[in-house]
**Q** 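Let me begin by handing over the structure; questions about it come next.
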There are 2 protein chains.
Amino acid sequence: MSDVAKLAGVSTATVSRTLQNPETVKEETRQKVFKAIKALDYMPNVLARQLRRMETKTILVVVPNIENNVFSQIVGGIDAVANERGYKVLLGNTNHRVEKIYDYIDHFKQRQVDGMIVLLSNLPDPVLQDLANEFPIVVTPDAKATVEVSTVTLDNVESGKRATDHLLKLGHRRIAHISGTLDITSSQDRLQGYQQAIVEGGYFVDHTLIKEGDFTFSSGFEAMSALLNTSVPPTAVFCASDEMAMGAIKSIKSRGLKVPDDIAVVGFDNIKFSEVFEPTLTTMAQPLFQMGKKAMTVLIERINNEALEEQHFIYQAELIVRESCGVIFR
Amino acid sequence: MSDVAKLAGVSTATVSRTLQNPETVKEETRQKVFKAIKALDYMPNVLARQLRRMETKTILVVVPNIENNVFSQIVGGIDAVANERGYKVLLGNTNHRVEKIYDYIDHFKQRQVDGMIVLLSNLPDPVLQDLANEFPIVVTPDAKATVEVSTVTLDNVESGKRATDHLLKLGHRRIAHISGTLDITSSQDRLQGYQQAIVEGGYFVDHTLIKEGDFTFSSGFEAMSALLNTSVPPTAVFCASDEMAMGAIKSIKSRGLKVPDDIAVVGFDNIKFSEVFEPTLTTMAQPLFQMGKKAMTVLIERINNEALEEQHFIYQAELIVRESCGVIFR
DNA sequence: TTGTACGCGTTATCAG
DNA sequence: CTGATAACGCGTACAA
């Protein structure tokens, strides 16, 4: 920077000003400085700027598993807004090991990041609360209502309800549910929506028709197998993830039964392969990319102190009707 | 830091030393310092350290599309080693827009990152070469031989050959190939391997059996449709990606033909859904996570100047035999 | 409108 | 083994 100042015949302060507040520098001087910058191919040292400003223009995204398409889609949305607004995205993979997040928390204390977006951490409430009180944080897409922190979530109750409603409308009465791991709110809510739909439809919830899975293909397969082993198997299943829905369908097929003719299936997520799978999957599509964008936008507001109160944004899932639930394609 | 020094009754220099080179500090002093650090809950300001040391312990990963499972698996491997070695991973999504990488290059010049791993950028050779001469860079999983830079790649020629060989061994003589976009080396190499296998088997390459796709499901579908419209369709197809293989199979099925009975299919990548798809996909599995780990390991060596010459690591893909090519499961 | 001078919090050097 | 001190490169009161 001093080289630039020398070449332009001004002080380093003027160079700095030209870069930070060009309007406070006389047009003529500004030109001289820019010319010197070009001539020397000068780039400011961001490290020094960061130290001076105590900000990094970097945000941390804590994700359980980047290889999971649901998360990578959200990260895609975050990244889009981050780029647009001049922020860098630091990736923190926890590999589902909660302890790892404590390493990332240190980044805050060391001022290495200006804010943080937490994707589905099973962080204990008090820890998260303390952190949220002190630093800009946004939680998505699964957040507990017990913590005061900004969130971007899906209306999982309504989504579960609509998925189940769809099956009810198709005439099904014995509808099973294969849930996600019930330690996370989304799973609980989807289950609740499922139950609400049944009750509001005027029927009774049969708890033997509810199985807990863990979002994976194999857990869907096994849960469905268990359901098929009962004396009166269901005629339809609502699964809390597309992967589990595919597992369930594989199980149904392995018994020589057909989807949707014998058993109708609705999934959740609308992953890429839900339209490649046979039968193509009826599913609830989450606007993951949008949610990622929103999370980043909200975070920036908090970083800039534009939003003092915590905010909650709730998105609706869209029912995508394909072959696995019958009717339309029959 | 000065507070800690005061409380411990030493100078800030000693506090710094205690943190950086504990062995150069007397046991007794060290204890005092640690006690003061604990008492004040002190954390070093990493920004200042970075400024002083001119290093960030951060590396940049430039990826065309983080939502693509092939890339996110590699990133997973990079992340694993990075964590272990105390590096942070900055994510640079280019969304397939080459220009965007120039923004990231500025990060180097601004000393915001210590090194960079480039996943499949279509960066012009001279630009990449200049960059590689000046900064620590590793390219993976697709690298042009024309640039002197460290690379971690797959032996795509051998992989294409083995995939095709497998089909030859099953008795197929009219084997088609649906390639990836031919502007990248991997695609060219897989195509070359396909041709080599046919020639070495004593047969002739029929160029009407070669179609260029772009790795996507739909391009596989269309390429296969074109192949099926010829007077003498192939009896087997080797696709340069699993997605294209699935598209091809969908096309075959849509004509009322069966896989593998009428046409055998081999894919590439071994994505998650290749074992869920029906029929399950025979495919070439790339050790993506391993390759990511290796890329990061090599990059760290370069950052530390342990490796002065550029290095090239080549991995082999593994043939995973499933239903789509016939025989085994018949 | 511009320059001077200080400080951000570390770490490296050198002397003791 | 430890302390004093000078950078690292920038941004910003304050003075001119």
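We use all heavy atoms of the structure for the numbers below, so side chains are in, but hydrogens, waters and symmetry mates are not. Chain naming here is simple, since letters A, B, ... match the order of the sequence lines and numbering starts at 1 in each.
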**Q** Taking the side chain as C-beta and beyond, is there a heavy-atom pair between Ile300(B) and Tyr87(B) under 4.5 Å?
**A**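 Answer yes - side chains close enough.
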
**Q** When the nearest nucleotide of DNA chain D is assigned to Arg53(B) and to Glu28(B) on a heavy-atom basis, which residue is associated with the more 5' position?
**A**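 Comparing both residues, the 5'-ward one is Glu28(B).
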
**Q** Side chain of Ser16(B) only, heavy atoms from C-beta on: which candidate in dT11(C), dT2(D), dA4(D) is closest?
**A**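 For Ser16(B), the side-chain atoms sit closest to dT11(C).
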
**Q** Using a heavy-atom cut-off of under 4.0 Å over every strand shown, decide if Val25(A) touches base, sugar-phosphate, or nothing.
**A**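 Sugar-phosphate only.
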
**Q** Mapping Thr24(B) and Leu19(A) onto DNA chain D by nearest heavy atom, which one lands closer to the 5' end?
**A**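 Mapping each residue to its closest nucleotide by heavy atoms, the 5'-most match is Thr24(B).
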
**Q** Expressed as a whole number of angstroms, how long is the span from Gln112(A):CD to dG9(C):P?
**A**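 For the pair Gln112(A) CD and dG9(C) P, the rounded distance is 15 Å.
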
**Q** How many Å lie between CD on Gln50(B) and P on dT10(C), as a whole number?
**A**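 Going from Gln50(B) (CD) to dT10(C) (P), I get 12 Å.
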
**Q** Rounded to the nearest 0.5 Å, what separation is found between the CD atom of Glu310(A) and the CZ atom of Arg302(A)?
**A**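 Taking CD in Glu310(A) and CZ in Arg302(A), the distance rounds to 6.5 Å.
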
**Q** Nearest to the side chain of Thr29(B) - dT2(D), dT11(C), dT12(D)?
**A**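 Given the options dT2(D), dT11(C), dT12(D), the side chain of Thr29(B) is closest to dT2(D).
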
**Q** Mind checking if Met1(A) touches a base, just sugar-phosphate, or nothing, with heavy atoms under 4.0 Å?
**A**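 Sugar-phosphate: the residue Met1(A), judged by heavy atoms under 4.0 Å, touches backbone atoms but no base.
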
**Q** Starting the side chain at C-beta, find the nucleotide from dG9(D), dG9(C), dA4(D) nearest to Ala48(B).
**A**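 Within the option list, the nearest is dG9(C).
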
**Q** What's the CE-C1' distance between Met43(A) and dG9(D), to the nearest Å?
**A**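 Between C1' of dG9(D) and CE of Met43(A): 15 Å.
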
**Q** Under 4.0 Å between a Lys/Arg side-chain N and an Asp/Glu carboxylate O for Asp125(B) and Lys144(B)?
**A**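 Yes.
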
**Q** Which heavy atom of Ala143(A) sits nearest a heavy atom of Thr151(A), and at what distance?
**A**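 Here Ala143(A) and Thr151(A) meet closest at CB-CG2, 3.4 Å.
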
**Q** How long is the straight-line distance from OG1 of Thr56(A) back to CD of Gln112(B), given to the nearest 0.5 Å?
**A**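 OG1 of Thr56(A) is found 9.0 Å from CD of Gln112(B).
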
**Q** Among the candidates dT11(C), dC1(D), dC10(D), find the nucleotide nearest to the side-chain atoms of Asn45(A).
**A**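 Output: dC10(D).
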
**Q** From NZ of Lys32(A) over to C1' of dT2(C), roughly how many Å is that when rounded to an integer?
**A**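 Distance check: Lys32(A) NZ to dT2(C) C1' gives 11 Å.
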
**Q** Would you say a side-chain N or O of Thr14(A) is under 4.0 Å from OP1 or OP2 of dG3(C)?
**A**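 Indeed, a polar side-chain atom of Thr14(A) lies that close.
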
**Q** Could you check how far CG of Leu47(A) sits from P of dC8(D), rounded to whole Å?
**A**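 Going from Leu47(A) (CG) to dC8(D) (P), I get 14 Å.
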
**Q** Is a donor-acceptor pair below 3.5 Å formed from side chain Arg52(B) to base dA7(D), judging by atom type as modelled?
**A**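 A donor-acceptor contact between them is present.
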
**Q** Between Tyr42(A) and dC10(D), is there a contact of a side-chain N or O with OP1 or OP2 at under 4.0 Å?
**A**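 Checking Tyr42(A) against dC10(D): at least one side-chain N or O falls below 4.0 Å of OP1 or OP2.
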
**Q** With heavy atoms under 4.0 Å as the rule, sort Val46(B) into base, sugar-phosphate or nothing.
**A**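 Here Val46(B) touches no strand at all.
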
**Q** First locate atom CD1 of Ile105(B), then atom CG of Leu128(B), and finally report the distance between them rounded to the nearest 0.5 Å.
**A**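 Reported to 0.5 Å precision, the distance equals 8.5 Å.
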
**Q** In whole angstrom, what separates Leu51(B)'s CG from dC8(C)'s C1'?
**A**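 In whole Å, dC8(C) C1' lies 9 Å from Leu51(B) CG.
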
**Q** Pro44(B) or Arg17(B): which one's nearest nucleotide on DNA chain C is closer to the 5' end?
**A**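 The 5'-side residue here is Pro44(B).
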
**Q** Measure CE/Met54(A) against C1'/dG7(C) and give the value in whole Å, please.
**A**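 So the two atoms are 11 Å apart, to the nearest Å.
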
**Q** For Glu55(B) and dG9(D), give me the distance from atom CD to atom P, rounded to whole Å.
**A**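 My rounded result for the distance is 15 Å.
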
